[in-house]
Amino acid sequence: MFVDGQYVDSHTEATFEVFDPASGEKIDSVPKGDREDVRMAVDVAERAYAKWSETPTGERSRTLFKISELVRGEAEELAKTLTNEQGKPLGEARSEVNSFANTCEYYAGLTGRVRGAHTPFSTGDGYFIVTKRPIGVVGAILPWNFPVSLMGWKVGPGLAAGNTFVVKPASTTPLTDLKIAQLVVRAGLPRGVLNVVTGPGAVVGEEMLDNPKVQKIAFTGETATGKRIMEGSSKHIKRLTLELGGSDPMIVCDDADVDLAVEGAAWGRFRNCGQSCTSVKRLFLFEKIAGEFTDKLVKKVKTIRLGPGLDPKTHMGPLHTDEQREKVESMVEDAKERGAEVLTGGRRPKGGELEKGYFYEPALLADVDYKAAMASEECFGPALPIFVVKDMNEALERANDTIYGLGSSVWTNNLERAYYAAERMEAGTTWVNSPPIARAEVPFGGFKQSGFGRELGLEGLDYYYETKSIQVYDYTQGKKWHFPV
Ligand code: NAD
């Protein structure tokens, strides 16, 4: 773990193992933190808060720029560690590490540029000022699919605003985050401002919820866990941002650039082995282009090369765990039992090195029943159901028929149509003619059960501040408050 600027063991000295999803082999072990370890880290973060929250914004900004520079400098090494523990291809791991650096850089530039407000009272006898104050110690709880970039989405704005952190990575992906924690101190972040405690969610995460010194929980993960986080946070009325699951629709209209959309669907579904919150999870094709589109997509998907993430020829790595693969397999089986046709993939590759890892051939399914699990729940892996719709209104009705509302996309060459769809899609983001891409400057978050609060953009910074009002009175005009006589 990383507490108070150094690597430490759990006070119990217990550890747990981390595995390579491409081979199933053990690659490392890390401390198995318990509640006492979290309490120690939170105490350290609380002590560090007193100073960091008062550190001039210019200095905070320079530190964030330096963090970004050091992370970029070590990107290759960090990306290899990420690929080893997470499974994603090295190129994707590199972009993820760079995304951490981008986020820090973006918020470094905003530090010191946040403005409050000054407004005269409506009664003319004084004014009020609105200022922004940091919140305190933040507990950041991370998932395994983007362990590095999502740490950046939290610590970037959070540190800029003057908060301190205890980060809990997912149990299966602690290694890269631990390396980054040390770089951050080398960049000049005072010891204790950023701490990382590794261990199970049910212990380390729960202590973060129970601990009254943790003022805010920034959580990314499944909707079911998010509900528990919300419940646990209510005890001390913690501030909360929840970035949860999604079942993103992609609508392709009959006037779309089919070739571009085919590329977008393949990348949008199968990047990170289909394990992104905003992966394309349901594809809706207008009747007129459905046949041509499906044929081209099947052809494209057949060219996706499976392999270990460290092999430069690999397009798609393994699923992150065997359990994750079994979940996807059971969704594909369920769809088949309800009459779906598997157009390509949907099997474990046979023979050779790939048998050792958690590989699964990218699957496309047609004639999927809307009641199938993959149509109504989040399918977190490389399988895509394709639906044919007659027009935009049917597409929108189907697309919105979910508890989720994270991302969505519409593909058309008609701007009016794009606007019509974007305004009606119940999702935190709609991409027009693009697969899902998150950018530091664009707010990101969910509608409905995909969560609340926003990360990234100017809006993301707001969630790391308390708004404080200061009222100042001009008594030369007399006093407004008095007991009745
Ligand atoms: P998960 O909910 O299983 O775990 C997330 C984190 O919560 C882990 O660190 C885990 O240890 C911790 N945790 C588990 N139980 C806990 C408890 N009782 N108290 C506190 N912490 C606890 O999610 P996952 O499987 O790691 O990630 C995949 C999910 O994350 C998918 O649903 C995906 O869509 C979602 N996701 C959402 C976004 C977004 O921005 N909306 C981004 C990435 C992933």
| message | Would you say Asn414 and Tyr419 are linked by a side-chain donor-acceptor pair, where the criterion is simply a distance under 3.5 Å? | response | no
| message | Between Trp411 and Ser409, do the side chains contain a donor N or O and an acceptor N or O under 3.5 Å apart? | response | yes
| note | Residues pairing under ring pair (Phe, Tyr, Trp, His ring centres under 6.0 Å) where one sits in residues 64-116, two or more places apart or in two chains, turn out to be none
| Distance-only polar pair, side chains of Thr172 and Glu85, donor-acceptor under 3.5 Å | no
| query | Judged by modelled atom types alone, do Asp255 and Thr412 share a side-chain donor-acceptor pair under 3.5 Å? | reply | yes
| said: Considering only residues two or more places apart or on different chains, which pairs with a residue in residues 146-165 satisfy salt bridge (charged side-chain N to carboxylate O under 4.0 Å, His left out)? | reply: Lys154-Glu455
| Summary of ring pair (Phe, Tyr, Trp, His ring centres under 6.0 Å) pairs that have at least one residue in residues 109-129, sequence neighbours excluded | His118-Tyr127, Phe121-Tyr473
| query | Given side chains that start at C-beta, do those of Gln449 and Leu244 come closer than 4.5 Å, heavy atoms only? | reply | no
| message | How long is the straight-line distance from CG of Leu189 back to SG of Cys104, given to the nearest 0.5 Å? | response | 10.0 Å
| request: Could you note down all residue pairs passing salt bridge (charged side-chain N to carboxylate O under 4.0 Å, His left out) where residues 122-151 supplies at least one of them, sequence neighbours left out? | output: Glu54-Arg133, Asp125-Lys480
| Is the count of non-hydrogen atoms from other residues, nucleotides or ligands lying under 6.0 Å from Gln477 atom CD greater than 12? | yes
| remark: Residues pairing under salt bridge (charged side-chain N to carboxylate O under 4.0 Å, His left out) where one sits in residues 268-282, two or more places apart or in two chains, turn out to be Lys281-Glu378
| Is there a donor-acceptor pair under 3.5 Å between the side chain of Ser276 and the backbone N or O of Thr278? | no
| request: For the residue pair Lys216 and Thr241, confirm or rule out a side-chain donor-acceptor distance under 3.5 Å. | output: yes
| Between Thr198 and Lys168, do the side chains contain an N or O donor and an N or O acceptor separated by less than 3.5 Å? | no
| field | Where at least one partner belongs to residues 147-193, residue pairs that pass ring pair (Phe, Tyr, Trp, His ring centres under 6.0 Å), sequence neighbours excluded | value | Trp153-Phe444
